[in-house]
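Take a look at the structure set out below.
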Amino acid sequence: MSKIFVISAPSGTGKGTVIAELLKRDENLYYSVSMTTRSPRAGEENGVSYHFVTRETFLEKLKNNEILEYTEYCDNFYGTPLDILEQKMNEGKNCLLEIDVVGAENIRKMRKDAVLLFIAPPSMEELERRLRKRGTETDEVIAKRLAAANSEMEKQSLFDYVVINGELEKAVNDIENIIKKEATK
Ligand code: ADP
Ligand code: 5GP
């Protein structure tokens, strides 16, 4: 039986980095490519990192029920396309959704058997260092993301698992083991 795995983490924690490693290790894991109205970062490819769309397109798809869940985060919309997810679930794939805590709460309401994982940074200081080191956002956007991070950290008790991304290899191993265990339940 296919399952939905949700990974949430404050921006800069390293969820993108962790997920890239997980996908290399598990061929039966489908990564749900979200739709977003934010601009692509350097190196982000349309259709791979995200489907980059205008606000008009996003709202149109929302109206047409083409989006399973969505959120508004730091002035942009982000949502999970429904069709492809259903298709992959029917093919028996486990699906990985990298979405925010609002999305995670909504998925829990819709799919009781979804497995919710929260990745936490080792500290808020390290989170800020990682966000700055990545160098993809302006100071203003970093400030907004850090403010959002504080409220996201307060929601971690809603999740089935909390994994700290201190040493990368350890975090990836921990999550890989959780997915293996839960996938066979
Ligand atoms: P997110 O997807 O959660 O916003 P990223 O995957 O983009 O975060 O990671 C943010 C930054 O932190 C990147 O520069 C990445 O290389 C770095 N990073 C990720 N995981 C670790 C780790 N375990 N230790 C140190 N740096 C990390
Ligand atoms: P970023 O701009 O850093 O790629 O993503 C910002 C936030 O939006 C992250 O917390 C990320 O998990 C979340 N996000 C990305 N796609 C989706 C989605 O489809 N739905 C929801 N609810 N959140 C998403």
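Positions are given from 1, in the same order as the sequence printed here. All ligand and atom numbering here is 1-based and tracks the order in the structure.
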Q) Is R130 salt-bridged to E126, cutoff N-O under 4.0 Å? A) yes
Q) Salt-bridged, R108 to D160, with N to O below 4.0 Å? A) yes
Q: Tell me which protein heavy atom sits closest to atom 19 (O) of ligand 2, plus the residue, atom name and distance to 0.1 Å.
A: S34 OG, 2.7 Å
Q: Take atom CD1 of I164 as the centre, draw a 6.0 Å sphere, and report whether it contains more than 12 heavy atoms from other residues, nucleotides or ligands.
A: no
Q.
Distance under 4.0 Å to a non-hydrogen atom of G79: what atoms of ligand 2 satisfy this?
A. 18 (C), 19 (O)
Q. Would E86 and R111 pass as an ion pair if we require N to O under 4.0 Å?
A. no
Q. So, K155 and E152, do they make that salt bridge, N to O below 4.0 Å?
A. no
Q. Given that the side chain starts at C-beta and the backbone is N, CA, C, O, which of these parts of Y73 lies under 4.0 Å from ligand 2, counting heavy atoms, or is it both or neither?
A. side chain
**Q.** R130 N/O under 3.5 Å from ligand 1 N/O
**A.** yes
Q: Kindly confirm or rule out an N or O of E152 lying under 3.5 angstrom from an N or O of ligand 2.
A: no
Q | Basic-acidic side-chain contact under 4.0 Å: R38, E44 | A | yes
Q.
As a quick check of understanding, evaluate side-chain contact (heavy atoms from CB on, under 4.5 Å) for K88 and I84, giving each step before the final call.
A. CA-CA 6 Å; K88 296 291 173 183; I84 180 89; 3.9 Å; yes
Q: Note the single closest protein heavy atom to atom 20 (N) of ligand 1, along with its residue, its atom name and the distance in Å.
A: N165 ND2, 3.1 Å
Q: Quick one: look at K15 and ligand 1, take heavy-atom pairs under 4.0 Å, and tell me if it's side chain, backbone, both or neither.
A: both
**Q.** Identified side-chain contact (heavy atoms from CB on, under 4.5 Å) partner of I19 from the options I119, V172, I175, I7
**A.** I7
Q) Which atoms of ligand 1 have any heavy atom of G16 under 4.0 Å away? A) 1 (P), 2 (O), 6 (O)
Q: Enumerate the atoms of ligand 1 whose separation from the nearest heavy atom of K133 is less than 4.0 angstrom.
A: 14 (O), 17 (C), 26 (N)
Q.
Restricting to non-hydrogen atoms, name the atom on E98 and the atom on S34 that form the minimum distance, rounded to 0.1 Å.
A. O-OG, 4.4 Å
Q | Option with minimal heavy-atom separation from atom 8 (O) of ligand 1, where the choices are P10, G14, G166, A20 | A | G14
(Q) Return the closest protein heavy atom for atom 9 (C) of ligand 2 as residue, atom name and distance. (A) K15 CE, 4.0 Å
Q.
In this structure, does ligand 1 have an atom that sits under 4.0 Å from one of the heavy atoms of S11?
A. yes
Q. Is it the side chain, the backbone, both or neither of R41 that has a heavy atom closer than 4.0 Å to ligand 2?
A. side chain
Q | Ligand-side contact atoms (ligand 2) for residue partner T80, heavy atom cut-off under 4.0 Å | A | 19 (O)
Q: Starting from atom 10 (C) of ligand 1, find the nearest protein heavy-atom neighbour and note its residue, name and distance.
A: G12 O, 3.5 Å
Q: Check ligand 1 against L168 and write out every atom of the ligand that is under 4.0 Å from a heavy-atom position of the residue.
A: 23 (N)
Q. Looking only at protein heavy atoms, which one is nearest to atom 21 (C) of ligand 2, and how far off is it?
A. I99 CB, 3.4 Å
Q. Between F77 and F58, how do the two ring planes meet: parallel, tilted or perpendicular, split at 30° and 60°?
A. parallel
(Q) Just checking Y70: does its OH atom have more than 12 heavy atoms from other residues, nucleotides or ligands closer to it than 6.0 angstrom? (A) no
Q. Taking the minimum heavy-atom distance to atom 10 (O) of ligand 2, which of D100, V101, L131, T13 ranks first?
A. D100
Q: Using heavy-atom distances, let me know which of R145, R134, R129 sits nearest atom 13 (C) of ligand 1.
A: R134
**Q.** Shortest non-hydrogen contact between P121 and M153, atoms and distance
**A.** CD-SD, 3.8 Å
Q.
Please state which option from Y50, F77, Y70 has its nearest heavy atom closest to atom 15 (C) of ligand 2.
A. Y50
Q) R38 heavy atoms, cut-off 4.0 Å: which ligand 2 atoms fall inside? A) 1 (P), 2 (O), 4 (O)
(Q) Quick test: of every protein heavy atom, which one is nearest to atom 11 (C) of ligand 2, and how far off is it to 0.1 Å? (A) E98 OE1, 3.2 Å
Q | atom 6 (O) of ligand 1: nearest protein contact (heavy atom, Å) | A | T17 OG1, 2.6 Å
Q) Which protein non-hydrogen atom lies closest to atom 3 (O) of ligand 2, naming both residue and atom, and how far is it? A) R145 NH1, 2.6 Å
**Q.** Numbering as shown, the atoms of ligand 2 that approach G103 to under 4.0 Å (heavy-atom distance)
**A.** 22 (N)
Q | I67 to E69 - nearest heavy-atom pair and separation | A | CG2-O, 3.2 Å
Q: If you have a sec, work out which protein heavy atom is nearest atom 20 (N) of ligand 2 and how many Å separate them, to one decimal?
A: E69 OE2, 2.8 Å
Q) Hey, are E128 and R132 close enough for a salt bridge, meaning a charged N less than 4.0 Å from a carboxylate O? A) yes
Q. Does any non-hydrogen side-chain atom of F52 lie less than 4.5 Å from one of T36?
A. yes
